[in-house]
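Only one structure is covered here, and it is reproduced in the block below.
When a residue number appears, it is its place in the shown sequence, counting from 1. Each ligand, and each atom within it, is numbered from 1 in the order the structure gives.
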Amino acid sequence: MRDDECRPRQISSSLAITNRELAETRIRLAQETEAERKRISRDLHDQTLADLRHLLVAIDQIPPAGPSPTSPSQLRNDVEMISNEIRHICEDLSPSVLANVGLLPALEWALSDCVSHLPQERKFDYEFIAEAGIEESLSLTPTEQIQIYRILQEAISNASRHAEAAHVRLSIKRRNKADSIIELEDDGKGFDSEIGSNKTGYGLANIRSRADIIGAQVSWVRRAPHGCVFTLLKANCVASSPE
Ligand SMILES: Nc1ncnc2c1ncn2[C@@H]1O[C@H](COP(=O)(O)OP(=O)(O)O)[C@@H](O)[C@H]1O
Ligand SMILES: [Mg+2]
């Protein structure tokens, strides 16, 4: 059989494999969401509710008059601790930084927050660059913003855990007027989509699947002389600026 006669069969079989992988990733994301809900419900039940019950018991022991076994400052500390727990649980459910400051500052914060939690010897320099006026022109639904935030969180986490980079740059700019490009560039040991296709971690698969959900394209390209550029391209999300 000639070479060009084999090609359509090869393409359709690799398409079938890609479709199967996509379906598997979707199922796994749904399972992870379910596992996450269970964890949050467990946290609320075992931790937060239990703490509130202890607080109730402590309050019940306060006599209507006279000295109390629990000091007001102790009660205050307990309430503070429970509030912090609830805040963490809410943060897991929906990143408050996104709602509070908007997507671009949230992305900048994700990068600086990641570096701030690294031990001194693994910290790297970083910069965040946003094209002038892009923030006001971006038109993204809350779901798209959350998916983009989660995608960049994972890409940043990968750069910090695997790249051994000295410098990381996160940038956002427009392309072809209506499309936007977010790039995360590191000068680490290097990585690209080809290598990525045979890696077994869930991070890359989740990034691809999240991108698929919002109709964005993602890629990892080796950077010269070393490092990696992760790109997220989202078409038609930049409103045209008034001429
Ligand atoms: N920026 C990067 N630089 C170097 N290697 C990377 C980078 N991003 C991802 N990788 C590689 O891709 C692999 C898979 O990543 P991922 O699917 O997120 O799984 P995990 O982070 O759990 O290892 C990583 O183990 C690492 O080898
Ligand atoms: Mg990862």
- Item | His162, any N or O under 3.5 Å of ligand 1 N or O | yes
Nearest non-hydrogen contact to atom 1 (N) of ligand 1 from the set Asp192, Asp186, Asn206 belongs to Asp186
Looking only at non-hydrogen atoms, the one of Leu204, Leu184, Ile207 nearest atom 14 (C) of ligand 1 is Leu204
Handout entry: Between Asn84 and Glu80, a side-chain donor and acceptor under 3.5 Å
Key = no
For Gly203, the atoms of ligand 1 under 4.0 Å from one of its heavy atoms are 16 (P), 17 (O), 18 (O)
Polar contact flag, side-chain donor to acceptor under 3.5 angstrom, Arg150-Gln153 = yes
The reported gap from CZ in Phe191 to CG in Leu204 (rounded to nearest 0.5 angstrom) is 4.5 Å
If only side-chain N and O atoms count, and only distance matters, is there a donor-acceptor pair under 3.5 Å linking Glu185 with His167? no
Is the shortest distance from a Lys or Arg side-chain nitrogen in Asp187 or Arg169 to a carboxylate oxygen in the other one below 4.0 Å? no
One finds that the ligand 1 atoms under 4.0 Å from a non-hydrogen atom of Glu154 are 18 (O)
Practice item. Would you check if Ser219 and Ser193 make a side-chain contact, meaning some heavy-atom pair closer than 4.5 Å? Key: yes
Quiz prompt | Glu164 to ligand 1, any heavy atom closer than 4.0 Å | solution = no
Between Glu154 atom OE2 and Asn158 atom OD1, the angle centred on the Mg ion (ligand 2) rounds (to 10°) to 100°
